[in-house]
Amino acid sequence: MSDTGASPTPPETSRLLRALHAHADLRATAMTAAREKLQISQQDARALEYIALNPGVRPGVLREYLGITSAGVTTLTDRLVRRGVVSREADETDRRATHLTASIDLDAEPWSTLTAIDRELEQAIVDSDAHDVAAATALLERLLGALTR
């Protein structure tokens, strides 16, 4: 048996990774169910959820969030507007700018399962000790930072 020099993964690390994976799986399953009911792509579902959570968002902000091109966000937005799930409104002060608003209710099917997951998680955080929440937040920010390097 060769020694790679790597130490075994501590049990706490494995437990945290399992919990993170379980949360991601639970949320992904709910998102897939909503997406299938609406018969839209994963990218469209991500965009629709983001728009619903950020009413009046500009297409450029959505483009940055999704990591797509300007042409891609225009095509995506046109598709969601045609389906009737997003409206595009002109900015009152800048006639070149538009704002996107979702016409879906995140508390209604097919999104309600996803919303319930998020609310239950939020309530668990609210019910937790503030010091624990701060420590968990710092850890998650560090983990996400490691993934984006």
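In this text, all values refer to a predicted model and were calculated from it rather than measured experimentally.
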Show me the side-chain donor-acceptor pairs of residues 16-24 shorter than 3.5 Å, one per line, residues at least two apart or across chains.
unit_1 : atom_1 : unit_2 : atom_2 : d
His21  : ND1    : Leu17  : O      : 3.3

Those residues that, when tested against [X], pass side chain to side chain donor-acceptor pair (under 3.5 Å) (two or more places apart):
X: Asp94; result: Arg96
X: Thr74; result: none
X: Asp129; result: none

Distance-minimising heavy-atom pair for [X] and [Y]:
X: Ala45; Y: Met31; answer: CB-SD, 3.7 Å
X: Val73; Y: Pro59; answer: CG2-O, 3.6 Å
X: Ala102; Y: Ile51; answer: N-CG2, 3.4 Å
X: Leu62; Y: Val57; answer: N-CG2, 4.3 Å

Apply the hydrophobic cluster definition, ILVMFWY joined by side-chain contacts under 4.5 Å directly or through others, and give me every member besides [X].
X: Leu121; value: Ile125, Val133
X: Leu26; value: Ile117
X: Leu147; value: Leu144

Pairs involving residues 96-149, ordered by first then second residue, that meet ring-ring contact (aromatic ring centres under 6.0 Å, His included) (sequence neighbours left out): none
Distance-only polar pair, side chains of Glu89 and Ser87, donor-acceptor under 3.5 Å: yes
Other residues, nucleotides, ligands: >12 heavy atoms within 6.0 Å of Gln123 CD: yes
Contact list for residues 52-67, test side-chain hydrogen bond (donor to acceptor under 3.5 Å, both in side chains), sequence neighbours left out: Arg58-Asp91
Check: [Y] and [X] side chains under 4.5 Å, non-hydrogen atoms:
X: Ile104; Y: Leu48; result: yes
X: Leu38; Y: Pro110; result: yes
X: Ile40; Y: Val85; result: no

Salt bridge (Lys or Arg N to Asp or Glu O under 4.0 Å) against Arg83, all qualifying residues, sequence neighbours excluded: none
Side chain to side chain contact (heavy atoms under 4.5 Å, CB included) evaluation trace for Leu106 with Leu114: CA-CA 8 Å; Leu106 291 179; Leu114 189 60; over 6 Å; no
All pairs passing salt bridge (Lys or Arg N to Asp or Glu O under 4.0 Å) where residues 99-119 contributes a residue, at least two apart: Arg27-Asp118, Lys37-Glu109, Asp107-Arg119
Pairs touching residues 65-78 that satisfy salt bridge (Lys or Arg N to Asp or Glu O under 4.0 Å), sequence neighbours left out: Asp78-Arg88
Euclidean distance, Asp44 CG relative to Leu76 CG, rounded to 0.5 Å: 4.5 Å
